[in-house]
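The following block contains the structure, expressed as C-alpha cells.
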Number of protein chains: 2
Amino acid sequence: MEVKYLSIYNDIMDSIENKIIKPGEKLPSENELMQKYDVSRDTVRKALDLLEGNGYIHKIKGKGSFVLDIAKLDFPITGIITFKELSEKMGVSSKTIVHELDLIKPDKFLVKKLELSKEDLIWRVIRAREIDDKRIILDKDYFNNRYVPSLTKKVCESSIYEYLERDLGLTIGFAKKEITVQQVSNEDKEYLDLEDYNMVVVVKSYTYLDDMSLFQYTESRHRPDKFRFIDFARRK
Amino acid sequence: MEVKYLSIYNDIMDSIENKIIKPGEKLPSENELMQKYDVSRDTVRKALDLLEGNGYIHKIKGKGSFVLDIAKLDFPITGIITFKELSEKMGVSSKTIVHELDLIKPDKFLVKKLELSKEDLIWRVIRAREIDDKRIILDKDYFNNRYVPSLTKKVCESSIYEYLERDLGLTIGFAKKEITVQQVSNEDKEYLDLEDYNMVVVVKSYTYLDDMSLFQYTESRHRPDKFRFIDFARRK
DNA sequence: CAGTGGTCTAGACCACAAA
DNA sequence: TTGTGGTCTAGACCACTGG
C-alpha cells in the first residue's frame with residue numbers, strides 16, 4: 001500500500017466488486033477523486049487507467065468514468081493465474097495428483113522450447129488436476145534448473161508459483177500463451193477422465209522472469225467441455 | 001499524428017517491426033528519447049507504456065527498455081480485429097459467403113444476449129469464411145437495428161466493421177469474448193468443410209460502442225484444427 | 001558513483017458533453 | 001458556460017543497476 005495509485009486502484013476496485021458502486025453508475029470525477037485521496041490528478045488518472053485496462057470501468061470524454069459489469073466474474077485465464085489461485089477464487093473443491101517429478105536431460109524439443117544450452121537440466125512435472133472428482137486438466141511443466149534448483153512433491157501438490165515467488169524470490173515478468181485444439185494423446189487417456197471426448201484444448205505457456213529470462217514451458221491440456229476462456233479487449 | 005505519444009509509439013513500433021532495433025536490444029533511455037523527440041519525459045513514458053502493454057518491449061528498473069520478439073507475429077484474436085483485417089495481415093486468399101441477411105424480430109435468446117427492449121429489431125447475418133478453398137469459419141452476427149439501420153449483401157461480403165466505422169461513424173469501444181468448445185451443429189455441418197471433426201471452437205463476442213451501448217452479439221464457429229489464439233499476459 | 005526507470009506533483013490547454 | 005476526461009510540460013525524489 002505504499003504506492004498511492006495502486007492503493008487508490010484497489011480501493012475503487014473493492015467498491016466495484018462489493019457493489020458499493022454498481023454497474024452503469026458513474027465514478028466521482030477525477031477532480032473529486034483528487035480531493036478525496038489528497039493526491040495529484042496524474043495519480044488519480046493512473047489508478048483509473050489501470051481500472052479501465054482491466055475491464056472494471058469505461059471512461060468517456062466529457063462525461064465521466066462508468067462501472068462495467070463484465071469484469072472478473074468468469075473463468076479467467078487472461079493474465080497469469082495459477083491453478084491454485086483459480087480454484088480458490090472459484091471456490092470449488094480441487095485436488096492435484098503428481099504423476100512425475102524428475103530432473104532430466106532435455107530432448108531437442110525442449111532445448112528449442114526453452115532456448116537451452118547443452119549443459120542445462122530441466123525439471124519435468126506432470127500433474128493431473130481434479131475438479132469435482134473428475135480429472136479435467138493435465139499439466140506438463142518444464143522448469144529450467146538454472147532458475148529452479150530444487151523441487152519437491154509437496155510443492156507440486158500445492159502451488160509451484162507460490163514456492164517460486166515466496167521462497168525462491170523469483171519475480172514473474174510476462175508470459176506468452178497459445179490456445180489450440182488437438183486430438184487426445186495416450187497420456188491424456190491415461191491421466192484424464194475423458195468420457196467420449198476425442199479432443200483436448202491445449203494451452204501452451206512460455207513464462208519469463210522479470211529479467212527477461214525464459215524459465216518455464218507448460219502444456220496445459222483441458223477436457224473440452226470444461227474449458228472456458230474469457231477475454232476483454234479494447235479497440236486500438 | 002497530432003497526438004505526440006502516439007506518433008512516438010508508432011515510430012518505435014515501426015523500428016521494432018522492421019528490425020531496425022532487434023529483439024534483445026536496448027532502446028535509448030527515456031532521457032535520450034526526450035531529446036530525440038523534443039518532448040517531456042511523461043510523453044515518452046506514455047509511448048513506452050503502450051509498447052510494453054502490447055508486448056513489444058519490457059522495461060527493467062535501473063537497466064532500460066528491451067525489445068521482445070514474441071509480439072505480433074502470430075494469429076491475433078486478442079484485441080478486436082476483423083476477419084478482413086486478419087486475412088489481409090496473414091496474406092492468405094480468403095472468401096466470404098453470405099448465407100443469410102435479414103432483419104428479424106429477436107427470440108428470447110437474442111433479447112437476453114443483446115439486452116433488447118420489445119420493439120427492437122435485429123439484423124441477422126450468417127457468413128461462412130473460406131481460407132485456401134476450405135470453409136473454415138461460420139460467423140453468426142446479430143446487430144441491434146437501432147445502431148445499424150441498414151445492411152447490404154455487398155457490405156457483408158467485404159467488411160461490416162469498415163462500413164460501421166467509416167460510413168456510419170460508429171466508434172467501437174470494447175468487447176468481451178468467450179472461447180469454448182462445442183459439439184458440431186447441423187448448421188456447422190451444412191456450411192463448413194468439417195472433414196471428420198465432431199467439435200468446433202466457438203468464440204462468442206459482445207461488442208460495445210464507445211458510449212457503452214451493446215450493439216452486437218457474434219458467434220464465430222471455427223474448425224478446431226484451424227483455430228489458434230495467442231495471448232500476451234503480464235503478472236499483475 | 002552515475003544512469004536508469006518508477007512515482008508524484010502542480011499547472012496548463014484542449015476537445016467533448018450537457019444544460 | 002461549466003464540468004468532464006485527454007494531452008503535455010518541467011521538475012522533484014526514489015529504488016534499483018552497474019561500474
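Because the structure is predicted, anything quoted here is derived from the model rather than measured. Throughout, protein chains are lettered first and strands after them, A, B, ... in sequence-line order, and every chain is numbered starting at 1.
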Using only atom types and a distance under 3.5 Å, with no angle test, would you say the side chain of Asp11(B) pairs donor to acceptor with the backbone of Ser7(B)? no
Give me the distances for all protein-to-nucleotides 16-19 of chain D N/O pairs that come in under 3.5 Å?
residue : atom : partner  : partner atom : Å
dG18(D) : OP1  : Lys63(B) : NZ           : 3.3

Expressed as a whole number of angstroms, how long is the span from Arg41(B):CZ to dC14(D):C1'? 11 Å
Given Glu30(A), which partner from the list Lys46(A), Lys61(A), Arg41(A) fulfils the salt bridge (charged side-chain N to carboxylate O under 4.0 Å, His left out) test?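 Among Lys46(A), Lys61(A), Arg41(A), the one that satisfies the salt bridge (charged side-chain N to carboxylate O under 4.0 Å, His left out) with Glu30(A) is Arg41(A).
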So Phe232(B) and Phe174(A), would you call those rings parallel, tilted or perpendicular, with 30° and 60° as cut-offs? tilted
With no hydrogens and no angle check, is any side-chain donor or acceptor of Glu25(B) less than 3.5 Å from a backbone partner on Lys22(B)?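 Yes.
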Rounded distance (Å) that lies between atom C1' of dG5(D) and atom CG of Asp210(B): 12 Å
Tell me whether Gln35(B) contacts the main-chain N or O of Glu32(B) through its side chain, where contact means a donor paired with an acceptor under 3.5 Å. no
side-chain contact (heavy atoms from CB on, under 4.5 Å) partners for Lys113(B), two or more places apart: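 Phe109(B), Tyr206(B), Tyr217(B).
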Modelled atom types, side-chain donor and acceptor of Asp120(A) and Ser117(A), under 3.5 Å: yes
Heavy-atom contact window of chain A on DNA chain C, given 5' to 3' at under 4.0 Å: dT7(C) to dA18(C)
Classify the side-chain pair Gln216(B)/Asp141(B) by whether it contains a donor and acceptor separated by less than 3.5 Å. yes
Closest-nucleotide mapping onto DNA chain C: is Lys26(B) or Ser40(A) further toward the 5' terminus? I mean the 5' end.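 Its nearest nucleotide lies further toward 5', so the answer is Lys26(B).
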